[in-house]
Amino acid sequence: MSAAVDEAEKAGETAPGYRARHTLPLRVEAVRQLRRRRTMVVGAVLAALPFVLIAAFAIGGQPSGRNGRVTLIDTATASGVNFTATCLFVSAGFLLVVPVALFCGDTVASEAGWSSLRYLLAAPVPRTRLLVSKLTVALAFSAAAMVLLPVVALAAGTAAYGWGPLQIPTGGSLPGGTAAGRLAIVVAFVFVGQLVTAGLAFWLSTVTDAPLGAVGGAVGLTIVGNVLDAVTALGHWRDFLPAHWQFAWADALQPRLEWGGMVKGTAVSVAYALVLFALAFRHFRGKDVVS
């Protein structure tokens, strides 16, 4: 259907009032995605996690250091900002990967699965415009998921444990206001780190007509990256793995803010993401769409 769509696009460009950039508006795509059940489920799970952890701490008692070592989890009940940092720590490695893979991997493949993709292209919606609209909305929803968890955690944690300074496990503390600003940096870095997963999922979404395959493939490859990073025999080669830098945001929760690790992690993640997004656009522009 590739040739037919291209002809339709060319014909559409000469039609009175037709503007390629006005097709498939972001607002329309955002409303479509917001109304989907999986969006509601993801939002509910992320919003519920802080309350699950509060209940766990209430049932299990106050966390304490093990073998003389104090970790971020051990300081979770010290204040609302400590609790928020703990929520990010326990979810950044895997839980926050899922909504990013879901929003980006389901976006194009689901249209193919519903056999509605060819009708969108025949509207005519230019292929590049379709991908830009869907990717923009997918990344916006992914960012919203990243923000939702810490916002709910900060509100719930403050209500449960009070507002106070961030107790640093290695010693020292940060004032509550300063700590809240540092947590915003953490959230931004976590989102940038997940761009690799977003790129994988979006590329796979243009390759397959099965949304589950795109989402599962992105999550699976992300897990493989984490496993490879645990192989210390790789030495400095691990520096080229996005997973190697996924917890570099811990440098933002120190008395003196360190940017080195986060800058390197950002560079690696953005580089991989740009390549993967480019592959997605290149493949989809020449793809023969039959569904």
Side-chain angles (χ1 to χ4, degrees), residues 42-100 145-194 197 219 222-223 225-227 229-230 232 238 242-258 261-262 265:
V42 168
V45 170
L46 292 175
L49 177 63
F51 297 99
V52 172
L53 291 179
I54 290 175
F57 287 134
I59 295 173
Q62 297 294 320
S64 58
R66 292 173 292 277
N67 299 324
R69 297 180 57 189
V70 179
T71 65
L72 191 60
I73 295 179
D74 298 321
T75 62
T77 58
S79 66
V81 287
N82 272 95
F83 180 73
T84 305
T86 300
C87 287
L88 287 171
F89 176 73
V90 301
S91 60
F94 179 74
L95 181 60
L96 291 179
V97 172
V98 175
V100 175
M146 300 291 169
V147 173
L148 176 63
L149 175 62
V151 167
V152 174
L154 185 60
T158 301
Y161 309 119
W163 178 262
L166 174 71
Q167 301 298 327
I168 303 173
T170 56
S173 63
L174 290 174
T178 302
R182 299 286 185 87
L183 287 173
I185 296 175
V186 170
V187 173
F189 178 75
V190 171
F191 172 72
V192 172
Q194 295 298 342
T197 300
V219 173
T222 301
I223 293 174
N226 292 334
V227 172
D229 182 57
T232 56
R238 294 188 300 161
H244 186 66
W245 306 101
Q246 64 179 331
F247 290 109
W249 56 261
D251 293 340
L253 302 181
Q254 300 299 322
R256 181 178 178 180
L257 179 60
E258 297 289 343
M262 289 188 288

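- Taking D229 as the reference, H244 meet the side-chain hydrogen bond (donor to acceptor under 3.5 Å, both in side chains) condition, with sequence neighbours excluded.
- Side-chain contact between V219 and F94 is present, with heavy atoms from C-beta onward closer than 4.5 Å.
- No side-chain heavy atom of V190 sits under 4.5 Å from any side-chain heavy atom of Q246.
- Remark: F191 pairs with no residue by the ring pair (Phe, Tyr, Trp, His ring centres under 6.0 Å) rule, at least two apart or across chains.
- Side chains of L95 and L49 form a contact here, defined as non-hydrogen atoms less than 4.5 Å apart.
- Closest approach of W163 to A180, counting heavy atoms only: CH2-CB, 4.3 Å.
- Atom CD in Q254 sits 8.0 Å away from atom CG in L174 (nearest 0.5 Å).
- Judged as a side chain to side chain donor-acceptor pair (under 3.5 Å), the pairs with a partner in residues 81-95 (not counting sequence neighbours) are, in order, T75-N82, S79-N82.
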In a table with atom names and distances, give each donor-acceptor pair under 3.5 Å that connects a side chain of residues 50-57 to protein atoms at least two apart or in another chain.
none

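- The two atoms that bring P150 and V187 nearest to each other are CG-CG2, 3.6 Å, heavy atoms only.
- Between M262 and A252, the shortest heavy-atom distance links the atoms CE-CB, 4.1 Å.
- Within the model, atoms CG of L96 and SG of C87 stand 10.0 Å from one another, a figure rounded to the nearest 0.5 Å.
- Scanning for ring pair (Phe, Tyr, Trp, His ring centres under 6.0 Å) contacts around F189 gives an empty result, with sequence neighbours left out.
- The closest side-chain heavy-atom distance from I168 to P255 is below 4.5 Å.
- Residues A153 and F83 approach most closely at O-CD2, 3.4 Å, considering heavy atoms.
- When the options R256, R182, E258 are evaluated for a side chain to side chain contact (heavy atoms under 4.5 Å, CB included) with D251, the one that passes is E258.
- Around CZ of F89, the count of heavy atoms belonging to other residues, nucleotides or ligands within 6.0 Å does not exceed 12.
- A donor-acceptor pair under 3.5 Å links the side-chain atoms of T158 to the main chain of L154, judged by distance alone.
- For the pair P99 and L46, the tightest heavy-atom approach, listed with the atom from each and the gap, is CG-CD1, 4.5 Å.
- Residues satisfying the side-chain hydrogen bond (donor to acceptor under 3.5 Å, both in side chains) criterion with Q167, sequence neighbours excluded, are absent altogether.
- Taking both residues in full, the closest heavy atoms of V100 and Q194 are given as CG1-O, 3.6 Å, listed atom of the first, atom of the second, then distance.
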Tell me, with the steps shown, if V97 and I223 meet side chain to side chain contact (heavy atoms under 4.5 Å, CB included).
CA-CA 10 Å; V97 172; I223 293 174; over 6 Å; no

Where do L166 and L183 land on the side chain to side chain contact (heavy atoms under 4.5 Å, CB included) test, with the steps shown first?
CA-CA 10 Å; L166 174 71; L183 287 173; 5.9 Å; no

